[in-house]
Student: 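Below: one structure in structure tokens.
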Protein chains: 4
Amino acid sequence: MIKVGIINVTGYAGEELARILCSHPEAKVVSATGRSAAGKRLPEVFPHLWQLDLPVEEEVGDVDFAFSALPHAASAEAVAPLVRGGLPVVDISADFRLGDAAEYERWYGAPHPAPELLGEAVYGLTELNRPAIGEARLVANPGCYPTGGLLALAPVAKAGLVERDVIIDAKSGVSGAGRGLGLTYHYAEANESVSAYGLGGHRHLPEMVQELSRLWPEGGSPRVTFVPHLIPMTRGILTTCYAPLADEGLAWGEKAGTEVLGLYQDFYRDEPFVRVVTEPPQTKHTWGSNVCLVHPTVDTRTGRLVVVSCIDNLVKGAAGQAIQNMNLMLGFPEAAGLDLPAVYP
Amino acid sequence: MIKVGIINVTGYAGEELARILCSHPEAKVVSATGRSAAGKRLPEVFPHLWQLDLPVEEEVGDVDFAFSALPHAASAEAVAPLVRGGLPVVDISADFRLGDAAEYERWYGAPHPAPELLGEAVYGLTELNRPAIGEARLVANPGCYPTGGLLALAPVAKAGLVERDVIIDAKSGVSGAGRGLGLTYHYAEANESVSAYGLGGHRHLPEMVQELSRLWPEGGSPRVTFVPHLIPMTRGILTTCYAPLADEGLAWGEKAGTEVLGLYQDFYRDEPFVRVVTEPPQTKHTWGSNVCLVHPTVDTRTGRLVVVSCIDNLVKGAAGQAIQNMNLMLGFPEAAGLDLPAVYP
Amino acid sequence: MIKVGIINVTGYAGEELARILCSHPEAKVVSATGRSAAGKRLPEVFPHLWQLDLPVEEEVGDVDFAFSALPHAASAEAVAPLVRGGLPVVDISADFRLGDAAEYERWYGAPHPAPELLGEAVYGLTELNRPAIGEARLVANPGCYPTGGLLALAPVAKAGLVERDVIIDAKSGVSGAGRGLGLTYHYAEANESVSAYGLGGHRHLPEMVQELSRLWPEGGSPRVTFVPHLIPMTRGILTTCYAPLADEGLAWGEKAGTEVLGLYQDFYRDEPFVRVVTEPPQTKHTWGSNVCLVHPTVDTRTGRLVVVSCIDNLVKGAAGQAIQNMNLMLGFPEAAGLDLPAVYP
Amino acid sequence: MIKVGIINVTGYAGEELARILCSHPEAKVVSATGRSAAGKRLPEVFPHLWQLDLPVEEEVGDVDFAFSALPHAASAEAVAPLVRGGLPVVDISADFRLGDAAEYERWYGAPHPAPELLGEAVYGLTELNRPAIGEARLVANPGCYPTGGLLALAPVAKAGLVERDVIIDAKSGVSGAGRGLGLTYHYAEANESVSAYGLGGHRHLPEMVQELSRLWPEGGSPRVTFVPHLIPMTRGILTTCYAPLADEGLAWGEKAGTEVLGLYQDFYRDEPFVRVVTEPPQTKHTWGSNVCLVHPTVDTRTGRLVVVSCIDNLVKGAAGQAIQNMNLMLGFPEAAGLDLPAVYP
């Protein structure tokens, strides 16, 4: 068994790593850190993890692999010495997602703590970047929103079948905001309410622009409008993506939908965690699982592609994909520990 | 006091009419019909309406004004003889919203039951159609989604500041689907889940296209993509609208947002039920009230207008707007019975 | 119009006072205080109260009547000088509910800030204490749990038909915990979960014991076990009360239920806000309204009374009852401003 | 691998059996029946079970073991021939829980379809009946409410430390009512509402009385009042049990709580799925898992035991316990397939 450390186990992403790894056949959590809870046992913080009776420590112990679930900036600071020391790491924070340190500073408001590692960090959207992830020692786990958006758009973008002009309207459960308190996430405020946020520019936008730019055959940055919404549920992101069909490439009219569906089915045919579905999906069907459901359609009245994707923001959108990446980095079967069905209803 | 009848009080729109009219200073519900519940007292069906101890009847009694909350087709059949007999009516169903009987048949799958009344029916989006509503004897109350979308887009469309190319991504609470049972609306299925629906074309689409067509100064049908989503909450619709800014008319860059905001504030300055807000609104702040919150922004990176609106789907999206229309038709103050704040939290 | 002040408008009880008073025919909020929000306008804190465009102040202004919605201890300190100055006050905090300063100190952990006022404070469970409230200048508004429990038990206790041995199992929505942040009330923690709390003794217990003691004809303190539960909803308390039937007084068997029902119907016959119902009630049927639904039953297998009551914790359990008490104190019709039906669904 | 059949896979209990068995190391679902869905593939009914691509059949195929998740009466009819043919079966319906056919007829309104099997059916509350289950060929899986109530009360009842006079106040998520439609379970009706039901006598009452009667050392039927409540969440039951402490057996005062806690810890020390906890538990900490959390306390003011337990109604309250019983019947490790932590948050 590989010895795994979780840096900052006390947030939802850290907790979810611990939960999922409880049933991993090749990896075992042996060390978990957390600033506020240091000194407690893990089950005191998370009673449902009573089988994982570790101390919450200040510093990660002797491990073969580490996940960081720290907030940005703190994560790069904690991760950099580990990576330099040769430890393979998946960083769930945003710190190594943007390849350009200036862009990082623009969006995160402070200089990057370890810019010299940006060059070797690999963006960990597993399905789009598998070979590089397999060779990486530092993987930047994607944001939850980019995961849903990129998997929804990749097949048509790579095929050049839509214009580089994209609207991403995402609906997220409240756990995406983390375990830190705030009036917006107070039960009586968030329940029975929907709201948009980040209209001036959400930090996941540059990440999506960067990764979408790599997809179109002719290259070049797409115009991306991204609006996230907060939804009164705990887990799940549903992403609705809109893009004009390119003038060439698809049949006209009703056939376009069939062609697009076929394209997606081919693109994701062998993927263990992406399923192309022919009925509108529900986030509920991904609850607790690493699957991403993708439903491509064509609005023939307007010539627009409309793709809907669903993920569990804490699994495929965070801890699950991180473990999927670890599996690749360590040569385990990609689905190891991740092959459970969603918990429904 | 005006004597009011509610045809089909047993659904959510009918119930909501009854609830709101309990505190109307000029109108009193004296007759309420309902097929399944005929023979019961109204408080047996809706215990919270114990003050309104009427029988649920088969046919509407002697009234001065009627609301129909029947499903489409049935509504036109019930309403037509009343209108012909001179009774002023607000029809909450879709039957008199589309002006073109052929378009109606295309979307509703059967010939219109009373096409001869289409010419005189007035589309009841109060803020956009006030004079005609005041003169009408038959008002077609707008659908819940068109209400949110049209109020969000009207100021810029009328000013010609956006192109006729619109995406409307709407998020609705489950009460919008009515009181009829269905697996999709079963608690354990709808809770903790979000889904898109109507991707092939929702019946509120032609209504939005028809009404949007009237707004642009140069006329002409806009291209509209409309995707509704089901959200795990009881009441509320948040609508996010996207449209490219027209090449002319607005300042460049950051100023565009300020100009657009000013335009909206001017447009809705004297409206009792539309409030332009400078922070992203929450549906919770409209819960149980007739208000529509509108939040216009400009995505300066892409040159797109992004407007968010919030309504309570059962009030401004149905019963409240119907009463607002009745007030105009009968010469009452427009806000009579409708001036209560939202119930928060 | 009477000029009303709300001390600490920024919590849920304070907000709810402001919301309900918007439609009060005789009283108008002219001053509102709040420590954290002082300097803002009220609609900046609560956008749904945009019609009530007052400043949030440090100190209450010139008013004819004041409500305090401060936390305990702070409330007595703020209220005492006002009462001494002759201003009629309803205090929503716990400070004047317990008549015994020593008991107060035992449960609230500090000496009472104004023990000299305890003697004249009247416990404001309106239905049980109407004459004294009408003469009071300081009314202690009951806790939300005692309101639900006392209205459920009063008729049989006063009739001596149950033993002084009571179990009160209450289920409350999360708004009962207030607007202050805490992990327990964080959306992702409270959603999809039920828990009991206060098992070692909740502060509403001595209040219930004190008031129940006054009910039985023979006097004497009842044995009361009270267990509150947190339920994933925003508003509402459902209280289930259990007590052994006294050996004498009721018929045996099935008739006992009918007798008990009749007793409750007689007891509450003329009450504007208590309704005895013959089907199990739902908290939803009290949402946003001042009504209390009471459903008395007899478990003939065990000889136990089982009574279920429902209230909206923020209305009859807080702000609504406070206004009901103000109405009595000022000689207004008791239901003034409070006669709206619940908002359903 | 053992070949398993699920009779009536299309309800929530049947679906949950299928979901959990996806990760069972020794058993594999090879046949699944369902009347309404016969002819479809299982993933058409439950998209999240796409890995289990079986046809939904009319009749169960060639299997080594069967679960029945049919409604009562239909279940006994389907199960009886299988049991007579020698197939080991766990019946999740109520049909074989009551040992007395007359009692069954009294509560279920029709004669028992297979009374001759009542004698050999074993009540499958695993922790209390392990040896008999291991030898059984027909196990009656307990109701969800009895599971929560019996595990909460067994230690003190067996020790004779409480009187035979018990109140069980249970709070259940809506999935407990199954997948069949009903207005009570319609999203807009069940959301933001709590209600009691079954006040006249719920069918789980005789089951609890029967099993509790076996626990007290002196025997004899306890007086049991049982009131279930419907809570706006999908999964979970929290059960609050109240019973007077017996006059002898426990220390007085504060020590009583410590003694009772020790008793529970001893009683459940070696149980893989029952955890005695010292803080009030949340149903969330059992979500999707087979664990039962038990929190015993003493109300020293009244001399009452108050025990709170939490389970996931679909797992320990239905499918999980059924698999736990299968494991015993087939000689597998008891926790096989069931050792995953709860999914939190």
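Chain A is the first sequence line, chain B the second, and so forth, proteins listed ahead of strands; every chain is numbered from 1. Values in this document were obtained by computation on a predicted structure and should not be read as measured data. Side chains included, hydrogens not; waters and symmetry mates left out as well; all remaining heavy atoms used.
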Student: Under 4.5 Å, heavy atom to heavy atom: which of residues 278-287 of chain D reach chain C? Give them by number, or say none.
Tutor: D:P280, D:P281, D:Q282, D:T283, D:K284, D:W287
Student: Scan side-chain atoms only and decide if D:S221 and D:S213 contain a donor-acceptor pair under the 3.5 Å cut-off.
Tutor: yes
Student: What residue in D:A190, D:P345, D:S193, D:S195 has the most heavy-atom pairs under 4.5 Å with chain C?
Tutor: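 Ranked by heavy-atom pairs under 4.5 Å with chain C, first place is D:S193.
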Student: Side chain, backbone, both or neither: which part of D:V308 has an atom under 4.5 Å from a heavy atom of chain C?
Tutor: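 Contact with chain C involves the side chain of D:V308 alone.
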Student: Name the one of D:P142, D:P146, D:P228 that satisfies side-chain contact (heavy atoms from CB on, under 4.5 Å) with D:H204?
Tutor: D:P146
Student: Please flag which part of D:V166 lies under 4.5 Å from any non-hydrogen atom of chain C: side chain, backbone, both or neither.
Tutor: backbone
Student: For C:G288, does its backbone N or O pair with a side-chain atom of C:D312 as donor and acceptor, under 3.5 Å?
Tutor: yes
Student: Would you mind checking which part of D:D299 comes under 4.5 Å of any heavy atom in chain C, side chain (CB onward), backbone (N, CA, C, O), both or neither?
Tutor: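 The answer is the side chain of D:D299.
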Student: What residue in C:I167, C:V298, C:I231, C:L199 has the most heavy-atom pairs under 4.5 Å with chain D?
Tutor: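 Of the candidates given, the most pairs with chain D belong to C:I167.
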Student: State whether the side chain of C:Y145 and the backbone N or O of C:G317 hold a donor-acceptor pair below 3.5 Å, judged by distance alone.
Tutor: no
Student: Mind ranking D:V306, D:V227, D:T297 by heavy-atom pairs under 4.5 Å with chain C and telling me who comes out on top?
Tutor: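 Maximum pair count with chain C is reached by D:V227.
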Student: So which of C:E192, C:R301, C:R235, C:R223 has the biggest tally of heavy-atom pairs under 4.5 Å with chain D?
Tutor: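 The residue among C:E192, C:R301, C:R235, C:R223 with the greatest pair count is C:E192.
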Student: Heavy-atom cut-off 4.5 Å, strictly under: side chain, backbone, both or neither for D:L205 against chain C?
Tutor: side chain
Student: Looking at chain D, which one of C:G173, C:G257, C:A196 has the largest number of heavy-atom pairs inside 4.5 Å, strictly under?
Tutor: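 Between C:G173, C:G257, C:A196, the count favours C:A196.
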Student: Residues of residues 178-188 of chain C under 4.5 Å from chain D (heavy atom pairs)?
Tutor: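 The residues closer than 4.5 Å to chain D, in numerical order, are C:A188.
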Student: Relative to chain C, which segment of D:V224 carries a heavy atom at a distance below 4.5 Å: side chain, backbone, both, or neither?
Tutor: backbone
